[in-house]
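Comments concern the structure below.
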Number of protein chains: 2
Amino acid sequence: MLGTTKRDRAAERRETTRREILDAAWAIASEVGLAQVTLRDIAARVGMRAPSLYTHVDSKNAIYDAMFAQAWTECLEVMRGLEQNPPNDLRATLRLYARTFFDFSVSSLARHQLMNQRTVPGFEPSPESYAPAVEVLGALRHRMATFGVTSEADVDLYVAIVGGLVDAQLANDQGGERWRRLLDRAVDMYVHDLDQRAGATSLHTTTEDER
Amino acid sequence: MLGTTKRDRAAERRETTRREILDAAWAIASEVGLAQVTLRDIAARVGMRAPSLYTHVDSKNAIYDAMFAQAWTECLEVMRGLEQNPPNDLRATLRLYARTFFDFSVSSLARHQLMNQRTVPGFEPSPESYAPAVEVLGALRHRMATFGVTSEADVDLYVAIVGGLVDAQLANDQGGERWRRLLDRAVDMYVHDLDQRAGATSLHTTTEDER
DNA sequence: GTCTATACACCGATAGAC
DNA sequence: GTCTATCGGTGTATAGAC
């Protein structure tokens, strides 16, 4: 049917333009900073005037929202990729997850600020865009549960430690490895704490002392 | 001398006005958010027009800079206050420092954003304003050194852990205690790791300086 | 010295012509 | 769909009143 084809082509074109807008926004964000992205700059990069963007996006924050969803979706894919050939002990798993998330986070300051910090004044992610972020945490929770780590506090502590290392790295030694070097040590000390607690409650699920 | 008195009085008045401006900025920041502070709102609160502020401050970022210095100076005083009757073992000391810094940070979101996050787009603290922040870290370093903890990595890890807990608390459970409850556990596991390493390096627990 | 009015350049967003 | 014109908002520079 011709009508359908036409409509598909139009939708496809629309999609492409939207992609170009987001790509332009990412480029500007990584060049001059996330908060320094302006609609006029985005428009100029895709060959438009600023108001024309509004036929493709609802607002500037909608652009941030789409970028937020993109970032966390990409993160989710990276973390899901780890489930292919997973390590069979807790320590190696948490080391791998920590390093993967760390490297992903540290590889783009603008993206990390969008994902994890509130560096854009008025922006609050929509529930739909927030979903993949929740899923990343859910995947981690599920993975940890297979090793018997199920308590909220245990997961919270792991998340806080890894997040703290990421933040410290980006804030104080951007492009360096000063905090990255501490990842394995931090995980080991966390796992040791878990083992100790598991021993106390006689909930031993993993063999330890590999290293 | 009359001249001197007059000049003193003028300077005093100037100082007072400056204080009022900063107080107004803090008030607005805690009410509507740090980035939502506008010169016109500050001016209105101190009974001025926006441009008049420029006779007392150099720019809006200069206001942020002064607030940054205030915040870290206050933090320094709080942390210095702990040196009055200090605990005599490492664990208790690090627990105390962590909890004190945590509670200080968590008690004002706007202040924490200004001190530790880059939530204000164009703002970068001046070296003078940054000084008290460095001093806080220096005081911690000195305190830890009295217990033989001198390596940069050891201090870095402690800072990252505490900072990670603070960020997680403010980002995910503002006003709650979900991550605050993990403070002692985190410190204990950190101290245990230190002890283990001190044992592993057999001889020197204190003379492990690096870089 | 303090403050004001005015003005400028920039921002996100809207209205309406083509 | 894209444009121009414009609105209300921002930080800030400056000239001049008191």
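Here is the naming used below: chain letters follow the sequence lines, and residue numbers restart at 1 for every chain.
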*Could you pull out all residues at least two apart from A:E12 that satisfy side chain to side chain contact (heavy atoms under 4.5 Å, CB included)?*
none
_Donor-acceptor contact present, side-chain A:Y158 to main-chain A:A98, <3.5 Å_ = yes
*Residues A:R197, A:D193: salt bridge by 4.0 Å N-O rule*: yes
*Would you kindly give the CD1-to-C1' distance between B:I21 and C:dT2, to the nearest whole Å?*
11 Å
_nucleotides 6-18 of chain D: protein proximity per nucleotide (B base, S sugar-phosphate only, - neither; heavy atom, under 4.0 Å)_ = ----BBBBB----
*For B:R9 and C:dG1, what is the distance between atoms CZ and C1' respectively, to the nearest whole Å?*
16 Å
*Charged N to carboxylate O under 4.0 angstrom, B:R185 versus A:D154?*
yes
*Roughly, in whole Å, what's the span from CD in B:Q36 to P in C:dG12?*
15 Å
*Round to the nearest Å and state the distance from B:R49 atom CZ to C:dA7 atom C1'.*
16 Å
_The single option from B:E74, B:M79, B:R99 passing side chain to side chain contact (heavy atoms under 4.5 Å, CB included) against B:F104_ = B:E74
*If only side-chain N and O atoms of B:R14 are considered, is one of them under 4.0 Å from the OP1 or OP2 phosphate oxygen of C:dG1?*
no
*Atom pair distance, as rounded to whole Å: CE in A:M48 and P in D:dG1*: 10 Å
*Are A:H56 and D:dT2 close enough that a side-chain N or O sits under 4.0 Å from OP1 or OP2?*
yes
*Roughly how many Å is it from OH in A:Y64 to P in C:dA13, rounded to a whole number?*
10 Å
*asked:* It should be established whether B:S52 places a side-chain nitrogen or oxygen under 4.0 Å from OP1 or OP2 of nucleotide C:dT2.
replied: no
*Just jot down the side chain to side chain contact (heavy atoms under 4.5 Å, CB included) partners of A:E15, sequence neighbours excluded, or say none.*
none
